[in-house]
Amino acid sequence: MRIDKYLANMNVGSRKEVHSLIKKKVVTVNGELVTTPKQQVKEDDLVVVDGNEIAYQQYHYFLLNKPKGVISATEDRSQQTVISLLKTKDRYQGIAPVGRLDKYTTGLLLLTNDGALAHELLAPNKHVTKVYRAKISGVASEGTIKTFASGITLGDGTKLKPAKLEILAQDKVHNLSQIEIQIQEGKYHQIKRMFGAVGMKVLELDRISMGKLSLPTDLKRGQYQEITRDKIK
């Protein structure tokens, strides 16, 4: 690819900024000075900018513990996005959240520029399990478990795939339940709508895993960590 695209993809700077670096004569490829942004480079070339080696990596993966109050989008004029939680050096071109957690839902969110992986994780026919824990207004019962397991139908007629519900704790005095739920879809506000369909309300919702990805116990809200390509495989 062109050297300016290579360096822009590696977040060295915008195309315009990269052109400026080339004019300053601080960019080399395999020890040779780069004089034009059109110069072609390969992934295994030795690219150096101002004394710093810039190794090429096509795809990047970040595991975020999403906090409340942040939306799952790449940009927004009025609200903070999950991309804004990344350090500037990690905001590679094409980085986007895989699926969406709504503004007040917390927990595991993968950010990547690997569109093929995003499809593998989100496509309904791939049956990737997503696990959530929630605090519910209402006392869930064995009947609730069976209703979800049979594949609930929402008020608008949407038929959902079977979901596995586990009751972790109940507080009948205060009409509360702590639950864990496994689903293989990701429809709009799906879990909140599921409990709404059985007369309950989700008060807190936290995603703890997606497929084989789970949140490290030491990853605090708002923090993220890079995942290697080997782990993704």
Next on the checklist: Are L21 and M1 linked, directly or through intermediate hydrophobic residues, by side-chain heavy-atom contacts shorter than 4.5 Å (ILVMFWY only)?
Outcome noted: yes
Checklist entry - Does a side-chain N-to-carboxylate-O contact under 4.0 Å join K192 and D102? => result yes
Checklist entry - Within the distance-only criterion (no hydrogens, no angle test), does the side chain of Y6 pair as donor or acceptor with the backbone N or O of I54 below 3.5 angstrom? => result yes
Next on the checklist: Check D4 with R15, please: is the shortest side-chain N to carboxylate O separation under 4.0 Å?
Outcome noted: yes
Checklist entry - Which atom names give the shortest non-hydrogen contact between A134 and L205, and what distance separates them? => result CB-CD1, 3.7 Å
Checklist entry - What are the two closest non-hydrogen atoms of V82 and L111, and how far apart are they? => result CG2-CD2, 3.9 Å
Next on the checklist: Taking salt bridge (Lys or Arg N to Asp or Glu O under 4.0 Å) as the definition, give me every residue that meets it alongside D156, ordered by chain and number, with sequence neighbours left out.
Outcome noted: R193
Next on the checklist: Please tell me whether K103 and Q79 have a donor and an acceptor in their side chains that are separated by less than 3.5 angstrom.
Outcome noted: yes
Next on the checklist: Quick test of your reading of the model: are K161 and E185 salt-bridged, counting only N-O distances below 4.0 Å?
Outcome noted: no
Checklist entry - Without hydrogens or angle criteria, can the side chains of R207 and T105 be said to hold a donor-acceptor pair below 3.5 Å? => result no
Next on the checklist: Could you tell me if Y61 and R229 have a donor-acceptor pair between their side chains, going purely by distance under 3.5 Å?
Outcome noted: yes
Checklist entry - Sub-3.5 Å donor-acceptor pair from the side chain of K66 to the main-chain atoms of V70, do we have one? => result yes
Checklist outcome for this item: Test side chain to side chain contact (heavy atoms under 4.5 Å, CB included), reference V47, set I3, T28, V34, output is I3
Item to check | Value rounded to 0.5 Å, distance of CG in N11 from OH in Y92 | outcome: 6.0 Å
Item to check | Where I183 and A163 come nearest, the two heavy atoms and their spacing | outcome: CG2-CB, 3.9 Å
Item to check | D90 and H60: side chain donor to acceptor below 3.5 Å | outcome: no
Next on the checklist: Using a 3.5 Å distance criterion without hydrogens, assess whether the side chain of T81 forms a donor-acceptor pair with backbone atoms of E75.
Outcome noted: no
Checklist entry - Atom CG in L215, atom CG in L108: separation rounded to 0.5 Å? => result 4.5 Å
Item to check | Polar contact flag, side-chain donor to acceptor under 3.5 angstrom, T106-D206 | outcome: yes
Checklist entry - Atom CG of L165 and atom CD1 of I167: how far apart are they, to the nearest 0.5 Å? => result 6.0 Å
Checklist entry - Is it true that a side-chain atom of T112 and a backbone atom of D114 form a donor plus acceptor pair closer than 3.5 Å? => result yes
